[in-house]
Amino acid sequence: MDNIGTFLSVLAQGLPETLIATVGGIVLTILLSFAAGLALLAPSRPLRVISRIYVEGLRGTSEVVQLFWLFFALPVLVGFEIVPIWGGVLVLGLNHGAYGAEIVRGAIQSVPRAQYEGALALSLSPAQRMFRVILPQAVVEMIPPFNNLFIQLLKSTSILSFVFISEITRQATQILVPRFNPQVLQIFLLLLLVYLVLSLLITAGMRALERVASARLGRGPSPGAKRLASTGGQG
Amino acid sequence: MTQVWDWSYAFAILPSLLEGLGLTVLATVLGSIVAMILGLLLAVLRQGPPVLAVAVRGFVEFVRSTPLLVQIFFLYFVLPQFGIVLSALTVGVIALGVHYACYASEVYRAGIEAVPRGQWEAATALSLPRSRVWTGVVLPQAIPRVVPALGNYVISMFKEVPLLTAIGLLDVVGRAQEAGNTYFRYVEPYTIAGLLFLLLSYPASLLVRRLERRVGTI
């Protein structure tokens with residue numbers, strides 16, 4: 001057990017890459033999910049077709065294939081290479097954005113029809129209808145599935161080890177395993193634990209977001225009120 | 001610079017890629033069988049005594065929160081230390097099977113919980129033994145409804161088989177890698193590999209969607 005410190009410090013050197021890939025991937029996923037999700041419901045047919053091709057194309061092929069394609073095939077086609085970590089962010093974002101688009105579409109469609117009709121009766125503009133009435137309600141529904149998607153994305157950052165990005169999985173397999181072979185059990189348990197902690201952090205963040213979003217809609221108490229209630233009563 | 005797409009090269013590597021695809025499908029089928037059976041077992045155990053239920057739940061959450069790739073490495077590097085040396089395919093099937101069993105167990109659980117309470121009560125009133133309640137009453141109602149969700153996980157698993165190239169399995173991506181490294185041409189093998197995945201997984205997902213409409217989702 002005396003090498004745990006060494007293991008942690010070697011893994012820590014890969015942590016920035018894992019975090020950049022995760023956070024960058026999440027940001028790109030959110031942008032693409034909303035862009036493609038709204039486009040799937042757009043009145044314009046070409047827009048719907050393009051977004052449908054994006055969603056089915058990216059969901060239908062393997063993420064590893066997409067990664068290899070971007071790193072090995074695309075440079076031949078366009079004549080330049082991307083900085084590896086940004087290429088990684090791009091693949092993670094493009095892939096999970098396609099799944100996210102379906103989450104956005106589903107959540108918007110699950111908002112009761114009466115809400116839409118009410119907004120229409122108040123003669124709100126199409127943009128106001130979407131951004132002031134439909135989306136605030138839909139976003140609350142999206143948070144739990146997005147939580148799962150972001151955890152998937154975090155887990156997918158491990159495949160970046162295939163393209164020589166020194167994130168934590170690559171640190172473990174390339175540096176620790178050859179040097180400390182008899183202790184592979186500890187190395188991998190530690191690595192799994194790091195991922196577990198990161199995914200618990202994502203879940204904690206999303207839960208907080210869900211409370212804020214539903215409190216703003218007037219569903220459920222505001223975070224402050226809930227804290228008061230839980231310290232006051234014996235619930 | 002040479003041409004971007006070389007048809008004769010593409011056709012030359014196709015048989016090897018198809019052979020790899022066969023291995024990918026084999027790993028998916030075997031992995032699915034493990035996942036379906038083990039997943040059901042985990043779901044039933046979760047309805048058991050509290051200590052067991054908590055242990056199963058912890059295991060499921062742990063496996064679901066950590067990357068499949070690391071789990072594959074874990075089995076591949078750790079098992080030999082205990083004197084268990086397995087082929088890449090066997091390690092892959094175990095890793096895929098256990099990983100997706102954890103997802104499947106949640107699906108089964110949703111299906112089991114969707115069986116009305118009255119069914120349990122009626123079975124108790126008829127004083128059926130516990131095993132008959134499961135096999136004769138609960139599962140026959142729960143399983144048909146979870147088939148589409150399980151189908152989606154099979155498709156996901158299919159797309160995750162390429163992770164096994166990391167431990168040397170020559171699946172379709174392993175073959176593409178091999179071809180690329182031999183001839184230094186990467187566009188054709190990876191494009192074909194992508195298309196092969198799309199060719200199988202897209203119709204499969206359409207099939208699952210049709211099933212969903214027929215039996216309804218949970």
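Residue numbers start from 1 in every chain, and the chains themselves are labelled A, B, ... in the order their sequence lines are given, proteins ahead of strands.
- A/Ser156 OG to B/Glu160 CD: the interatomic distance, rounded to the nearest 0.5 Å, is 6.5 Å.
- Enclosure of atom CD in A/Glu81 is not indicated, since only 12 or fewer non-hydrogen atoms of other residues, nucleotides or ligands lie within 6.0 angstrom.
- Under a 4.0 Å N-O distance rule, the pair B/Arg209/A/Glu56 qualifies as a salt bridge.
- Listed here is the closest heavy atom pair of A/Val184 and B/Gln81: CG2-CD, 3.4 Å.
- Contact count versus chain B (heavy atoms, under 4.5 Å) is highest, among A/Thr173, A/Leu200, A/Leu198, A/Leu193, for A/Thr173.
- Residues B/Thr66 and A/Leu196 share a closest heavy-atom pair of CG2-N, 4.1 Å.
- Between chain B and the options A/Thr203, A/Val64, A/Ile202, heavy-atom pairs under 4.5 Å are most frequent for A/Val64.
- For chain A, the nearby part of B/Gln177 is the side chain; its heavy atoms alone come within less than 4.5 Å.
- Atom CG of B/Leu195 is separated from atom OG1 of A/Thr61 by 9.0 Å, given to the nearest 0.5 angstrom.
- Heavy atoms closer than 4.5 Å to chain A are found in both the backbone and the side chain of B/Thr191.
- Looking at B/Phe62, both its backbone and its side chain come within 4.5 Å of chain A, counting heavy atoms on both sides.
- Comparing B/Ser65, B/Pro67, B/Gly180 by how many heavy-atom pairs each has under 4.5 Å with chain A, the most go to B/Pro67.
- What you find for B/Phe82 and A/Leu185 is that their closest heavy atoms are CZ-CD2, 4.4 Å.
- Between the side chain of A/Lys155 and the backbone N or O of B/Val70 there is no donor-acceptor pair closer than 3.5 Å.
- Between A/Phe68 and B/Tyr190, the ring planes are tilted. Angles from 30° to 60° get that label.
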